[in-house]
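Remarks on the structure that follows.
Within every chain, numbering begins at 1; the chains are lettered A, B, ... in the order of the sequence lines, protein sequences first and strands thereafter. Just so it is clear, the structure is predicted and the values come from calculations on it, not from any experiment.
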There are 2 protein chains.
Amino acid sequence: MIPLEKRIDLLRVIAHPIRIRILEELTHGVKCVSDFEDSLDISQPNVSQHLILLRTNGVIDFFVDGRLKCYFLKEPLIPDMLELLKKEYAEDIPAPACCPVTKKRTYPGERRR
Amino acid sequence: MIPLEKRIDLLRVIAHPIRIRILEELTHGVKCVSDFEDSLDISQPNVSQHLILLRTNGVIDFFVDGRLKCYFLKEPLIPDMLELLKKEYAEDIPAPACCPVTKKRTYPGERRR
DNA sequence: TTAAAGCATAATAATATTTGCATGTATTTA
DNA sequence: TAAATACATGCAAATATTATTATGCTTTAA
């Protein structure tokens, strides 16, 4: 059982436009830092910082290939997460039927008062 | 087609321990502010601030019942997200087979050099 | 063996997030 | 009508996140 706290940390780490793009690209295969430098159009140190943040949180990892660092996806939740982010929903959750219970001030269960 | 940017904002808003707990509780039914004040063990203004942040981002909404504000889930992605956060994975994504392509410095596609 | 490529690190500045505290408003009850 | 309940708002302080700049290390190529 993985602790929810860890998963929330994971959410925080993922929740950034640049890092989402990094993860998207990594679903298509291995990439090195300068690949991202080209495709993301941000500075190389900034790329490194995002990659390091992702790595220290277990989201990605790399192997060394000469002077390249080849990053790849590690966290299995990521593909599911990216898919969920693109999922379309027809409509909002409907508001609760208006409101026999709360109008009496007696919430289901233990409404104190 | 909902823009990815909006979904990333949604991620940012969700990615907080208190707000995740709020959303968890709302999956079980309508709650008012003081309900959260009890269950979350944080100050009332802090509860309000989290609720307002969730509301201004379209995650939740409320109806007024006398002097109570009864909050409920609105964003249909939330239940799926909470489920995904609890999903267990047997193992990490395996590292790419070591590494015929990158060792030649010829990434699939357009490796420059 | 020098230079360049590829990447990381450190320090700083800018910005955003989060919380705490004090106070304000509306609704209900006494 | 005064007090209490339920909640919001404003402001400041603390903290976290992000980007920038300069620099350093390692590996490869000339």
Might you list the N or O atoms of the protein lying below 3.5 Å from N or O atoms in nucleotides 18-24 of chain C, with each pair's distance?
{"unit_1": "C:dT18", "atom_1": "OP1", "unit_2": "B:Arg19", "atom_2": "NH2", "d": "3.4"}
{"unit_1": "C:dT18", "atom_1": "OP2", "unit_2": "B:Arg19", "atom_2": "NH1", "d": "3.4"}
{"unit_1": "C:dT18", "atom_1": "OP2", "unit_2": "B:Arg19", "atom_2": "NH2", "d": "3.2"}
{"unit_1": "C:dT19", "atom_1": "OP2", "unit_2": "B:Asn46", "atom_2": "OD1", "d": "3.3"}
{"unit_1": "C:dT19", "atom_1": "OP2", "unit_2": "B:His50", "atom_2": "NE2", "d": "2.7"}
{"unit_1": "C:dG20", "atom_1": "O6", "unit_2": "B:Gln49", "atom_2": "NE2", "d": "2.9"}

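With A:Asp35 contributing its side chain and A:Cys32 its backbone, the two residues share a donor-acceptor pair below 3.5 Å.
Rounded to an integer number of Å, the gap from CD1 of A:Ile14 to P of D:dT18 is 13 Å. Atom CG of A:Leu40 and atom C1' of D:dT18 are 15 Å apart (whole Å). Taking atom CG of residue A:Asp65 and atom C1' of nucleotide D:dT28, one finds them 12 Å apart after rounding to whole Å. Atom pair A:Ile20:CD1 and D:dT18:P shows a separation of 12 Å (rounding to whole Å applied). Distance CG (A:Leu68) to P (C:dA5): 13 Å, rounded to an integer number of Å. The CZ atom of B:Phe36 sits 11 Å away from the P atom of D:dA8 (whole-angstrom rounding). A:Glu37 places its CD atom 13 Å from the P atom of D:dT20, with the value rounded to the nearest Å. One atom, CG of A:Asp61, and another, P of C:dC7, lie 15 Å apart when rounded to the nearest Å.
Under the side-chain hydrogen bond (donor to acceptor under 3.5 Å, both in side chains) criterion, A:Glu83 pairs with no residue at all, not counting sequence neighbours. Looking at residues two or more places apart in sequence or on another chain, you find no side-chain hydrogen bond (donor to acceptor under 3.5 Å, both in side chains) involving B:Arg21. Every residue two or more places apart in sequence or in another chain that forms a side-chain hydrogen bond (donor to acceptor under 3.5 Å, both in side chains) with B:Glu25 is listed here: B:Ser39. In this structure, B:Arg7 has no side-chain hydrogen bond (donor to acceptor under 3.5 Å, both in side chains) partners at least two apart in sequence or on a different chain.
The side-chain heavy atoms of A:Pro17 and B:Glu5, taken from C-beta on, include a pair separated by under 4.5 Å.
A donor-acceptor contact under 3.5 Å links the side chain of B:Arg67 to the base of D:dT5.
A:Ile52 comes within 4.0 angstrom of the backbone, heavy atoms only, and of no base.
Out of C:dG6, D:dC7, C:dA8, the shortest distance to the side chain of A:Tyr71 is found at C:dA8. Side-chain proximity of B:Ser48 to the nucleotides D:dA8, D:dA6, C:dC7 is greatest for D:dA8.
Pairs engaging residues 73-82 of chain A under the side-chain hydrogen bond (donor to acceptor under 3.5 Å, both in side chains) rule: A:Asp80-B:Lys87, A:Asp80-B:Tyr89 [sequence neighbours left out].
Regarding contacts with the backbone of C:dG6, every side-chain N or O of A:Lys69 stays at 4.0 angstrom or more from both OP1 and OP2.
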